[in-house]
Amino acid sequence: MKQQVLILVAVVEVAILIVWGISRKSFKGYFQEQVKSRDTTRPKPTRHDFSIECPADHFAIYIRSGFANVIGPTIGFDGKSVMSPVKNNVRHGLNIAVFDGENGSVENTFYTQNSAQLLIFLQSLRPGLIFLAASFDDVTAPLTDEVRKLFVGMGSTLINSVNHRDGWVFAGSTGTRMKSVFEKQSVNDEKTNVYDGWPVSLEVEGCLPRLTADGSSRVTETSAGS
Ligand SMILES: *[C@@H]1O[C@H](CO)[C@@H](O)[C@H](O)[C@H]1NC(C)=O
């Protein structure tokens, strides 16, 4: 019964998001977008498919954390869904997608609740990658101090305060030493939780600068020079 209520709440929330997403664009713009998109026969279920417009040398990103322990997270990149419940490549725990920072191709998708697995995965990452992560249910099991330090190295400023069943979404990069501006945390607190035992689901979207092969940001370099 509780599960059914949670699913209902999640469905309503997704519906509100879709309506909000549509209303943000003019209806004319919305329909033009529908006509332009390659596959007009299938409905567009989540908002990351309405990819936001980004300046040249940027990638559009979209991250939504899981709804309680019921509906998994979604990660979108450059207008495409990369990880989602529909694609069946998300699981409880930490969900991660990494991309080549220069050409935007998907390097890997990964999920785990195991700290040893996560450590090996993080240590295998080369510089110059865009790193997107989303929580589902609880992410703290694999978050050892060593792992949290590696997230700080990718630009996280909130990871050290992420606790049991907190929501967390994060976009960072390897080898850049840039602080992330795309990171959110929702705190598991009985007084503010919207689900029975979990805080609200989080969403971030924005435009991430393309990286050069050595992991530096083209955009930062050009704007610093002008
Ligand atoms: C993107 O760059 C990576 C690393 O250099 C390379 O392995 C991959 O094949 C490239 N992808 C495309 C589509 O060019």
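What you are looking at is a predicted structure, and each value in this text was computed from that prediction instead of being measured. Numbering starts at 1 and runs along the sequence shown. Ligands are counted one by one from 1 in listed order, and the atoms in each one are counted from 1 as well.
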Seminar exercise, completed: Residue, atom and distance of the protein heavy atom nearest atom 7 (O) of ligand 1 read E107 OE2, 4.9 Å
Exercise. What is the nearest protein non-hydrogen atom to atom 3 (C) of ligand 1, stated with its residue, atom name and distance?
Worked result: D100 OD2, 3.5 Å
Exercise. Is the shortest N/O to N/O distance between N103 and ligand 1 below 3.5 Å?
Worked result: yes
Problem set entry | Close aromatic pair by centroid cut-off 6.0 Å: W198 and F136 | no
Problem set entry | For R126, atoms of ligand 1 separated by under 4.0 Å from a heavy atom | 4 (C)
Exercise. Does atom 9 (O) of ligand 1 have a protein non-hydrogen atom under 4.0 Å from it?
Worked result: no
Exercise. Can you name the nearest heavy-atom pair linking Q117 to T112, along with the distance?
Worked result: OE1-OG1, 2.7 Å
For this session: Check the hydrophobic clustering (I, L, V, M, F, W, Y; side-chain heavy atoms under 4.5 Å; chains of links allowed) and say if Y111 and V82 are grouped together.
Result: no
Problem set entry | Interatomic spacing from CG in L132 to OG in S180 - rounded to 0.5 Å | 9.5 Å
Exercise. Looking only at side chains, do N188 and N163 share a donor and an acceptor under 3.5 Å apart?
Worked result: no
